[in-house]
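Below is one structure, written out as structure tokens, with a few remarks after it.
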Amino acid sequence: METATGEEITIVCNHCDRDIPAPNIDLHRVHCARNLEKCKICGDMVPKKHAEEHFLNAHAPIACSMCKETIEREVFDSHKGEICPKRIVTCEFCEFPLPAVDLAEHQEVCGNRTELCYQCNSYVRLRERYNHETKCPGTVLNNVESSRRIPRAAEGDGNGRRRRDGNGVSHKRLFFTIAITGIAVIIGSMFFQKKPE
């Protein structure tokens, strides 16, 4: 097939489907057929001696480093980011990072934990926290009844919230953390203590 581009006449190579200037077509066809081949997957023309390398680098399935499953290269990014059962995700309740395969079991337990609602002074499951916040009876009754329901020592800022320290951690958690740290230091010193000679 001949086409004219401006002043120059070109012929389409039947091997690589490119427009080649007519005077060069015979030489091109010989070179093209001898040295190039069309990739069966992407249709690119690649040198015959690099065809296997092209396949390995561009099309060969990849072993996922996390789950060890062999994945087609075209969907590897979506596998790694959305499908792989070993990808790291975070719990919606405690933001703890863990493999996706363990998430449902973890959230079943984690979502059943309770926290105190400072608006109505009742304990609410973490999985029900959002619904509770939208319907919490304490938001309406808070200003009227907070002094009757909450002991004086636990009263906070007048909105039914207990006073927390500067970084938002309750005193109970702070004391628990200090206690655990102290126990760890004592156990560590017992393990690493030099024996008297």
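We use all heavy atoms of the structure for the numbers below, so side chains are in, but hydrogens, waters and symmetry mates are not. Position 1 is the first residue of the sequence; numbering continues from there.
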Steps toward side-chain contact (heavy atoms from CB on, under 4.5 Å) verdict (Val124, Thr114): CA-CA 5 Å; Val124 180; Thr114 59; over 6 Å; no
For Arg18 and Cys32, run side-chain contact (heavy atoms from CB on, under 4.5 Å): C-alpha distance rounded to whole Å, both residues' side-chain angles, the deciding distance at 0.1 Å, then the answer. CA-CA 11 Å; Arg18 288 173 41 207; Cys32 190; over 6 Å; no
Checking side-chain contact (heavy atoms from CB on, under 4.5 Å) for the pair Arg29/Asn14: CA distance, chi angles, key distance, verdict? CA-CA 8 Å; Arg29 281 181 178 154; Asn14 55 5; 4.2 Å; yes
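Between the side chain of His15 and the main chain of Leu36, a donor-acceptor pair closer than 3.5 Å is present. Arg87 places a side-chain N or O within donor-acceptor distance of the main-chain N or O of Cys84, the cut-off being under 3.5 Å. Side-chain N or O atoms of Arg73 include one that pairs as donor or acceptor with a backbone N or O of Asn57 at under 3.5 Å. Counting only distance, with no hydrogens or angles, the side chain of Asn112 and the backbone of Glu108 share a donor-acceptor pair below 3.5 Å. In this structure, Gln107 contributes its side chain and Glu92 its backbone to a donor-acceptor pair below 3.5 Å.
Counting only residues at least two apart or on different chains, the salt bridge (charged side-chain N to carboxylate O under 4.0 Å, His left out) pairs with a member in residues 38-54 are Asp17-Lys38.
Residues Asn35 and Pro47 are not in side-chain contact: their nearest non-hydrogen atoms beyond the backbone lie 4.5 Å or more apart.
In the hydrophobic clustering, Phe96 connects to Val89, Leu98, Leu103, either directly or through intervening members, whenever side-chain heavy atoms lie under 4.5 Å apart.
Between His54 and His59, the side chains place a donor N or O and an acceptor N or O closer than 3.5 Å (distance only, hydrogens not considered).
Closest of all the heavy-atom pairs between Arg113 and Cys94 is NH2-CB, 3.8 Å.
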